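Down below is the structure, laid out as structure tokens.
Because the structure is predicted, anything quoted here is derived from the model rather than measured. So you know, we letter chains A, B, ... as the sequences are listed, proteins then strands, and number each from 1.
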There are 2 protein chains.
Amino acid sequence: MSEISDIEKCEFLYLHEDAVREVREKMPDENTLYDLAEFFKIFGDSTRIRILYALFERELCVCDIAGLLNLTQTAVSHQLRILKANKLVKARRDGKTIFYSLDDKHVHDILDMGIEHLFD
Amino acid sequence: MSEISDIEKCEFLYLHEDAVREVREKMPDENTLYDLAEFFKIFGDSTRIRILYALFERELCVCDIAGLLNLTQTAVSHQLRILKANKLVKARRDGKTIFYSLDDKHVHDILDMGIEHLFD
DNA sequence: TGAATATATGAATATCTGTTCATATGTTAT
DNA sequence: ATAACATATGAACAGATATTCATATATTCA
């Protein structure tokens with residue numbers, strides 16, 4: 001009986017040590033992968049996706065978006081805050097109204113690639 | 001006093017009717033956008049992102065991945081099931097071992113574009 | 001056949017996240 | 001200054017989700 005528990009043996013042994021060693025060296029930085037997941041999390045919500053698509057055509061104010069997508073003003077505001085914090089949209093004030101528009105050249109390409117995957 | 005509540009007036013009026021009408025016509029199908037969000041949800045988890053990056057180099061078995069990423073076998077299995085269900089990875093059995101590898105040509109491009117956004 | 005190994009899976013739990021509600025902030029017009 | 005309007009925000013709540021635990025399945029080997 002070694003120190004390694006029989007029950008979870010697989011947890012502590014590399015079945016293919018050379019493969020694992022090679023992969024480990026080439027893996028990107030841990031923090032980068034974490035940030036990357038956080039970034040994609042933004043696209044993982046249909047409300048935000050719909051807002052982004054709405055803004056593809058032209059800038060819109062909060063109430064336009066709420067009416068267009070049948071959402072409350074509050075819900076839209078909350079989501080816009082997230083999108084803005086992640087530099088996907090930007091805001092411009094005109095009197096009482098605040099217009100939102102896209103602020104990232106990659107967004108369109110990323111979403112298109114997702115669509116491509118869906119229709120394979 | 002009209003039927004429209006004063007408090008939520010913005011909810012029921014289009015501030016910019018023409019804009020909203022134009023955008024509504026060009027919006028993609030509602031179901032497509034929902035599926036798209038579901039697809040990106042998969043990338044919104046660092047464990048799954050790490051697994052995908054590990055598989056960029058070469059095929060690996062469940063225990064390799066668990067050891068490499070310091071995760072339990074069970075956690076890896078659960079995530080691989082999700083990745084497989086969404087056709088991002090495929091499995092190949094060799095005796096007791098099951099090797100997983102990437103199964104989508106878009107994954108690499110999508111992740112790269114995410115990285116690009118991060119490093120802007 | 002039975003023991004050992006590699007992986008899968010259902011249920012429970014804890015955490016995260018989106019929406020709602022109530023309210024605050026900021027701008028315009030009277 | 002005050003009312004009306006557009007938007008923002010904090011707290012509470014409900015639903016989703018990743019991990020863990022216990023256990024099942026599948027394959028190999030003695």
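- Residue A:Thr74 places no side-chain N or O under 4.0 Å from the OP1 or OP2 atom of C:dT20.
- Atoms CD1 (B:Ile65) and C1' (C:dA6) sit 13 Å apart, rounded to a whole Å.
- In this view, A:Tyr34 and A:Glu38, B:Ser46 satisfy the side chain to side chain contact (heavy atoms under 4.5 Å, CB included) rule, not counting sequence neighbours.
- Note on A:Leu36: it clusters hydrophobically with A:Met27, by side-chain heavy-atom contacts below 4.5 Å among ILVMFWY residues.
- Closest approach to the B:Ile82 side chain among C:dT7, C:dT20, D:dA18 is made by D:dA18 (side chain taken as heavy atoms from C-beta onward).
- Put simply, the side chain of B:Tyr100 does not reach to within 4.5 Å of the side chain of B:Leu60, judged on heavy atoms.
- With the nearest nucleotide of DNA chain C identified for both A:Lys96 and B:Lys96, B:Lys96 has the one nearer the 5' end.
- Looking at heavy atoms from C-beta onward, A:Lys41 lies out of side-chain contact with B:Asp45 at the 4.5 angstrom threshold.
- With values rounded to the nearest 0.5 angstrom, B:Leu52 atom CG is found 6.0 Å from B:Leu111 atom CG.
- A:Ser77 comes within 4.0 angstrom of a nucleotide base, judged by non-hydrogen atoms across all strands.
- Considering only side-chain N and O atoms, A:Tyr100 lies nowhere under 4.0 angstrom from the phosphate OP1 or OP2 of D:dA6.
- One can place CG of B:Asp94 at 8 Å from P of D:dT28, the figure rounded to the nearest angstrom.
- When distances are taken from the side chain of A:Gln73 to each of C:dT9, D:dT7, D:dT9, the shortest belongs to D:dT7.
- Distances shown here put a side-chain N or O of B:Thr72 below 4.0 Å from the OP1 or OP2 atom of D:dT20.
- Contact record, A:Asp103 with A:Val89: CB-C, 3.6 Å, taken as the closest heavy-atom pair.
- Between the CG atom of B:Leu60 and the C1' atom of C:dA6 there is a distance of 15 Å, rounded to whole Å.
- We find that CG of A:Leu83 is positioned 13 Å from C1' of C:dG18, with the value rounded to whole Å.
- The partner of D:dA30 is C:dT1, by the rule that a Watson-Crick or G-U pair needs both atom distances under 3.5 Å.
- Where B:Arg93 and A:His78 meet DNA chain C, the nucleotide closest to each residue was compared, and B:Arg93 sits on the side nearer the 5' end.
- A heavy-atom distance below 4.0 Å to DNA chain D is reached by none of the residues of residues 29-53 of chain A.
- Residue contacts for A:Phe99: at a heavy-atom cut-off of 4.0 Å it reaches no nucleic acid atom on any strand shown.
- Between the CG atom of B:Asn70 and the P atom of D:dT20 there is a distance of 10 Å, given to the nearest Å.
- When rounded to the nearest whole Å, the span between CZ of A:Arg81 and P of D:dG10 equals 7 Å.
- Using a 4.0 Å cut-off between charged side-chain N and carboxylate O, B:Glu22 and B:Lys26 make a salt bridge.
- Contact annotation: B:Gln79 side-chain N/O to D:dT17 OP1/OP2 distance is not under 4.0 Å.
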